[in-house]
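The structure under discussion appears below in the form of structure tokens.
Side chains are part of it too, since the values below use all heavy atoms of this structure and drop only hydrogens, waters and symmetry mates. Note that the structure is predicted; figures quoted are calculated from it, not measured. First the proteins, then the strands, lettered A, B, ... as listed; each starts at 1.
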There are 2 protein chains.
Amino acid sequence: MSRSPELHETADRLHSVAIHLLRRLRKVDEATGLSGPRLSALSVIVFAGPVTMTELAAAEQVKPPTMTRLVQGLEAEGLVRRRGDSDDARVSRVEATPRGRRILLDGRTRRVEMLSSLLEALDPAAREEVHRAVESLEGVVRSPSN
Amino acid sequence: MSRSPELHETADRLHSVAIHLLRRLRKVDEATGLSGPRLSALSVIVFAGPVTMTELAAAEQVKPPTMTRLVQGLEAEGLVRRRGDSDDARVSRVEATPRGRRILLDGRTRRVEMLSSLLEALDPAAREEVHRAVESLEGVVRSPSN
DNA sequence: GAATAATAGTTAGCCGTGCTAAGTATCTTC
DNA sequence: GAAGATACTTAGCACGGCTAACTATTATTC
């Protein structure tokens, strides 16, 4: 079971870097004025078009009652709007308002800009290396389990 | 202001990889039976020896009342113990019990094992690349701002 | 076609974690 | 030794997660 020390070291530092990266991103996201869960839900709503509550809850890995309240919050801030489904009176479809869409897209821009500026601090060779490492990790992190 | 598309792409994918990595880690951490904030506080207590409440709150970037409750929770589960300071009767020093230490260290082991097993899925060249990329990112992510 | 089962959402109510404001107890300082 | 600073706690609010239980619809089954 025990693995090489180098592997452990890389693993440990990878963990730490991931934490620090996301901490930075969270700070940037504060400018949207939205909490993490609301911002994340809004993102699904913006990119997945009109969505049902159940789909939204599943996408956010949250139970339906939790999503009910998140959407109520977004609705109260005028970022989101609901319409009944024409075929099935039980379902309620959620879509972003123009304001919701703008706030989300602006936040997304800030986030990518922040990360890009970090990467710009690297010389081109290192940047290329980060790119390839990200590709490797994508394969490995996405594939199995959840 | 607008940057090269490759930069944006790397930034975006880096973001996504970081999110997925931490999601995996959170799942592993569930085995400790502790919430994120409690686990994180316990980690500081274990590694920084007896600590004052104020130091703990600062380390966890949380206000003192929040730390009061986190420590009360850990104490109720027998993972942590408090002693008064001999020099200053206002301060209260927190230290881990043997059980607290064991739970934390076991969790830490599981976490590193999980990451290591991800890295093991890569061929040695890719692994080496990830290692170097992590070093680059460390420099860039740690340096400025908090 | 009426009864039953399944599905989509919501409401009610709990717990944990974040906060601020305000209190207590203990130093420190003048 | 009185005034102020410091360490921590208590009280009370908001929010996000959950389960259990409810309503309203749609689907099934006999």
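- The closest side-chain heavy-atom distance from Leu7(B) to Leu115(A) is not below 4.5 Å.
- Boundaries of the chain A contact region on DNA chain D are dG16(D) to dT26(D), first to last in 5' to 3' order (nucleotide atom under 4.0 Å from a heavy atom).
- The pair Arg13(A)-Glu135(B) meets the salt-bridge criterion, since a charged nitrogen lies less than 4.0 angstrom from a carboxylate oxygen.
- Screening residues 29-55 of chain B for salt bridge (Lys or Arg N to Asp or Glu O under 4.0 Å) gives Asp29(B)-Arg111(B), Arg38(B)-Glu77(B) as the qualifying pairs, with residues at least two apart or on separate chains.
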Open item on the list: Using a 4.0 Å heavy-atom cut-off to protein, can you give one letter per nucleotide of nucleotides 19-25 of chain C, 5' to 3': B if the base is in contact, S if only the sugar-phosphate is, - if neither?
Closed with: BBB---B
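- When side chains are defined from C-beta on, Glu9(B) counts as touching His131(A), because their heavy atoms get closer than 4.5 Å.
- Residue Ser92(A) is in sugar-phosphate contact alone, with no base atom involved, counting any heavy-atom pair closer than 4.0 Å across all strands shown.
- The existence of a salt bridge linking Glu75(A) and Arg81(A) is excluded, since no basic side-chain nitrogen approaches an acidic carboxylate oxygen closer than 4.0 Å.
- Both Leu137(B) and Leu25(B) belong to a single network of hydrophobic side chains, linked directly or stepwise wherever heavy atoms of I, L, V, M, F, W or Y lie under 4.5 Å apart.
- If you check every strand for non-hydrogen atoms under 4.0 Å, Asp87(A) touches sugar and phosphate atoms only.
- Between His15(B) and Ile19(B), some side-chain heavy-atom pair lies under the 4.5 Å cut-off.
- When side chains are defined from C-beta on, Val44(B) counts as touching Leu56(B), because their heavy atoms get closer than 4.5 Å.
- At a threshold of 4.5 Å between non-hydrogen side-chain atoms, the residues Glu95(A) and Arg82(A) do not count as touching.
- Look at CG on Asp85(B): it is 9 Å from P on dC27(C), rounded to the nearest Å.
- Side-chain atoms of Ser40(B) and Glu60(B) include a donor-acceptor pair closer than 3.5 Å.
- Using a 4.0 Å cut-off between charged side-chain N and carboxylate O, Arg102(B) and Asp106(B) make a salt bridge.
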Give the table of side-chain donor-acceptor pairs shorter than 3.5 Å for residues 62-69 of chain B, with sequence neighbours excluded, one pair per line with atom names and distance.
residue	atom	partner	partner atom	Å
Thr68(B)	OG1	Pro64(B)	O	3.3

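- Residues from residues 30-45 of chain A placing a heavy atom under 4.0 Å of any atom in DNA chain C do not occur.
- Among the heavy atoms of the strands lying under 4.0 Å from Thr54(B) are primed sugar atoms or P, OP1, OP2 only; no base atom is included.
- Summarising the geometry of Val46(B) relative to Gly100(B), their closest heavy-atom pair is CG2-O, 4.5 Å, with the distance given to 0.1 Å.
- Within residues 70-82 of chain B, the residues having any heavy atom closer than 4.0 Å to DNA chain C are, in order of number, Leu70(B).
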